[in-house]
Amino acid sequence: MPAVTRTGQTVMLLLEVEKSMTSTNRQQWITHDLERTTGKDAQQANINAAKAVATALRSTLGPSGRDKMLVGSNGTVIVTNDGASILNRMDIDDPVARIIAQAANTQNESIGDGVTTTVLLVGELLSQAEELLREGLHPTVILQGYYKACSHTLQRLGEYCIDFTPGDDELLQAVAKTAVTGRWDTEATERFSTLATNAVRIAGGGSSRSQSSPITVKAFPGGELHDSELIEGILVDMNTSSTTVEMFDTQHSSILTDARIALVNAKIGVERPDNVDRITIDDPEKLNSIHARESEIENEPVRVLSGLGVDILFCQKSIDDAIRTKLAKENILAIERTRQDEFDVLVRATGATAVESISALKQSNLGRAGSIEQRSVGSTPLLIITDLSRNKQASLLLRGGTKHVAEEIKRIIKNCTAVVRCVLWDGGVLPGGGATETALSTDLREHANTIDDREQLAIKAFANSIEIVPRTLINNAGRDLLDTFPKLRSKNVDDPMIGLDSLTGELQNMLEVDVLESAVVKRHSLTTALETTAMILRIDDILQHTGTDSNEFPASDGWKPQSHIEQSNSGYPWAVGH
Ligand code: ADP
Ligand code: MG
């Protein structure tokens with residue numbers, strides 16, 4: 001058997017030992033170090049855990065969803081309704097809940113939206129599976145049905161897409177607005193969706209689905225929401241980038257024009273031997289020559305940089321104070337300890353090439369910027385580099401009253417840019433407010449009737465599961481589910497654009513009220529939810545280490561999402577026998 005996971009390996013080791021033991025011994029060995037749950041009990045425990053995670057997030061879905069206040073053990077407070085933030089910060093003990101949290105994290109990192117939906121879908125798919133298991137269906141049959149249903153749904157999804165032309169900024173803004181509705185008043189929603197759309201446009205749109213394309217988002221506490229701005233260039237936060245900075249001639253102007261930029265990867269300064277406290281010098285001549293050499297080393301960067309006409313130097317490591325002062329006298333701004341991400345942005349946007357030492361610097365390595373402005377936002381000094389030679393960088397400078405508000409705005413705006421990017425990348429726009437899910441569910445139920453074996457039941461269960469989205473939106477909007485949902489279903493049959501507008505509580509055409517979503521997000525939510533469900537449903541044996549022997553399962557592993565649930569192609573964590 002191949003190695004599966006850290007957990008899996010231990011499990012397999014156990015099985016090897018089991019073979020060589022009598023059954024009584026074996027039982028003792030198992031119960032001594034491991035708590036074992038098998039068969040239906042394991043299945044039920046896992047389903048319960050998944051339902052519990054989904055229930056925890058249910059009330060946060062949609063614009064009428066409520067926030068959660070997360071209080072850390074050190075007293076930090078975070079108020080959010082973002083599924084990924086909530087799961088990241090929850091102290092999750094249960095292994096199945098961790099699997100779901102990891103799936104949510106993947107959805108968030110790769111797509112940037114749809115996390116709550118994914119978790120609700122997992123909870124509902126397992127909840128529906130629970131019924132089917134009770135009726136005697138085998139998990140494999142359920143999963144076969146689920147996979148068929150999902151593939152049918154994904155095929156049909158495209159048919160509900162709204163026509164989108166890549167230049168249609170109004171539609172993009174509607175998608176962006178749907179991602180932020182309910183957070184602020186209409187004016188702020190409008191403003192932020194415009195900022196996000198323009199930022200994505202400046203950054204080159206959806207040339208790739210990757211969320212790491214050139215948009216820097218920085219939020220600063222203090223100031224008003226409407227003080228937030230979009231910068232067509234680079235934003236360098238000097239507090240995180242550098243220690244004290246010798247700024248360029250502030251008396252005359254805080255803006256430097258037509259600047260040449262140098263990027264250096266290595267420490268700039270006099271190398272001093274490590275682990276040597278004191279050097280004894282018996283000859284004054286030697287001392288003089290050491291001083292002369294030091295001063296030569298200190299003058300070298302000034303000579304090279306002023307010779308090349310450099311205005312600003314970004315160094316990834318430290319720069320000796322004496323050198324920075326000498327550079328400042330020559331009006332060269334030297335910024336040390338530039339963060340790696342900012343360094344990467346500078347390379348990409350200014351056309352500069354990073355060199356390994358000052359002496360290797362050539363004219364062709366320099367980057368250009370039309371303007372570098374020195375500005376303070378609150379107590380934070382910033383450099384704003386615009387008019388770039390490669391104008392593909394956007395930065396969002398966000399303001400919020402308090403640190404919590406600023407952080408939440410940052411999260412929401414990232415969400416907003418992510419969905420705009422998804423639409424530009426793939427072109428798929430779908431009606432929101434549960435319209436798409438209702439239509440897909442109706443469609444799937446009809447399709448299920450054409451299947452004449454027991455998989456039909458699983459396909460219908462999949463159809464029921466998708467309805468968790470409109471159902472939850474109706475609940476969270478404070479509407480009566482028994483009254484509203486049947487109405488939605490029947491109206492949606494005639495017009496698949498009909499969904500719930502959570503803000504008015506009315507069933508409406510989603511295109512008319514601008515509640516639109518990216519098809520990529522929906523597709524990804526469905527597939528991630530199904531994969532996670534399948535992984536959980538296949539488990540029929542849970543072996544949980546209870547001992548303290550560090551060669552076995554570690555007692556505490558400081559779990560963080562993505563940190564340690566690993567799955568090889570050949571097995572499942574915590575699963576034996578597949
Ligand atoms: P997720 O983490 O899944 O993105 P959200 O809390 O962002 O969760 O909610 C997304 C859901 O809210 C989507 O189904 C979307 O269609 C719905 N939604 C967004 N705006 C509205 C609105 N104005 N009316 C009804 N539903 C909306
Ligand atoms: Mg969302």
Side-chain angles (χ1 to χ4, degrees), residues 234 236 238-253 256-369 371-372 374 381 383 385 388-389:
I234 306 168
V236 182
M238 306 292 259
N239 271 354
T240 52
S241 269
S242 179
T243 52
T244 53
V245 185
E246 310 283 350
M247 297 301 244
F248 47 82
D249 194 356
T250 45
Q251 277 170 356
H252 295 107
S253 162
L256 193 72
T257 50
D258 197 15
R260 289 175 197 214
I261 299 163
L263 305 180
V264 176
N265 265 325
K267 176 180 180 330
I268 302 175
V270 179
E271 284 296 338
R272 293 188 166 79
D274 288 340
N275 304 324
V276 179
D277 292 339
R278 185 191 300 178
I279 300 173
T280 311
I281 298 165
D282 45 16
D283 177 358
E285 272 308 303
K286 276 191 191 158
L287 185 62
N288 284 343
S289 73
I290 288 174
H291 281 320
R293 178 69 193 129
E294 272 190 0
S295 138
E296 209 177 288
I297 294 172
E298 283 170 4
N299 287 332
E300 167 79 355
V302 185
R303 191 183 58 75
V304 173
L305 295 175
S306 47
L308 291 169
V310 170
D311 298 293
I312 182 161
L313 162 73
F314 289 93
C315 177
Q316 245 201 336
K317 307 269 165 54
S318 64
I319 306 175
D320 278 2
D321 283 354
I323 298 178
R324 285 198 295 136
T325 311
K326 285 184 180 187
L327 289 170
K329 280 187 189 145
E330 293 295 314
N331 252 342
I332 300 170
L333 175 58
I335 296 164
E336 61 177 346
R337 299 198 183 100
T338 306
R339 285 161 44 129
Q340 180 68 49
D341 56 345
E342 285 177 344
F343 213 71
D344 294 343
V345 168
L346 286 161
V347 169
R348 199 170 51 208
T350 67
T353 321
V355 293
E356 291 305 321
S357 79
I358 284 271
S359 49
L361 202 62
K362 293 198 279 302
Q363 197 60 249
S364 58
N365 300 131
L366 302 184
R368 302 284 181 136
S371 155
I372 299 184
Q374 212 182 294
L383 274 189
I385 309 175
L388 299 162
S389 55

First locate atom [atom1] of [X], then atom [atom2] of [Y], and finally report the distance between them rounded to the nearest 0.5 Å.
X: Leu388; Y: Thr350; atom1: CG; atom2: OG1; answer: 7.0 Å
X: Arg368; Y: Asp311; atom1: CZ; atom2: CG; answer: 9.0 Å
X: Ile234; Y: Glu342; atom1: CD1; atom2: CD; answer: 9.0 Å
X: Ile332; Y: Leu313; atom1: CD1; atom2: CG; answer: 8.0 Å
X: Gln316; Y: Glu356; atom1: CD; atom2: CD; answer: 9.0 Å
X: Ile335; Y: Met238; atom1: CD1; atom2: CE; answer: 3.5 Å

Checklist entry - Can you list the residues that meet the side chain to side chain donor-acceptor pair (under 3.5 Å) rule with Gln363, with sequence neighbours excluded? => result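 Only Arg260 meet the side chain to side chain donor-acceptor pair (under 3.5 Å) criterion with Gln363.
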Checklist entry - For Ser306, which residues count as a side chain to side chain donor-acceptor pair (under 3.5 Å) partner, sequence neighbours excluded? => result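 Checked Ser306 against side chain to side chain donor-acceptor pair (under 3.5 Å); zero matches.
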Looking only at non-hydrogen atoms, find the nearest pair between [X] and [Y] and report the distance.
X: Cys315; Y: Phe343; answer: C-CE1, 4.3 Å
X: Ala259; Y: Ile372; answer: CB-CD1, 3.6 Å
X: Ile319; Y: Ala334; answer: CD1-CB, 3.9 Å
X: Val355; Y: Ala360; answer: CG1-O, 4.2 Å

Checklist entry - Hey, which of Lys267, Arg324, Lys317 is the one that makes salt bridge (charged side-chain N to carboxylate O under 4.0 Å, His left out) with Glu336? => result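 Passing option: Arg324.
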Checklist entry - Do Gln374 and Pro381 come within less than 4.5 Å of each other through their side chains, counting heavy atoms only? => result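 Not touching, per the 4.5 Å side-chain cut-off.
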Item to check | Test side chain to side chain contact (heavy atoms under 4.5 Å, CB included) applied to Asn299 and Ile323, step by step | outcome: CA-CA 7 Å; Asn299 287 332; Ile323 298 178; over 6 Å; no
Checklist entry - Hey, which of Ile261, Thr353, Leu263, Val310 is the one that makes side-chain contact (heavy atoms from CB on, under 4.5 Å) with Leu366? => result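 When side-chain contact (heavy atoms from CB on, under 4.5 Å) is applied between Leu366 and each of Ile261, Thr353, Leu263, Val310, only Val310 qualifies.
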Item to check | Stepwise side chain to side chain contact (heavy atoms under 4.5 Å, CB included) test for Glu330 and Leu305 | outcome: CA-CA 9 Å; Glu330 293 295 314; Leu305 295 175; over 6 Å; no
Checklist entry - Can Leu346 and Thr338 be said to form a side chain to side chain contact (heavy atoms under 4.5 Å, CB included), step by step? => result CA-CA 10 Å; Leu346 286 161; Thr338 306; 4.3 Å; yes
Next on the checklist: For Ile312 and Leu383: C-alpha separation, side-chain torsions, deciding distance, then whether side chain to side chain contact (heavy atoms under 4.5 Å, CB included) applies.
Outcome noted: CA-CA 11 Å; Ile312 182 161; Leu383 274 189; 3.5 Å; yes
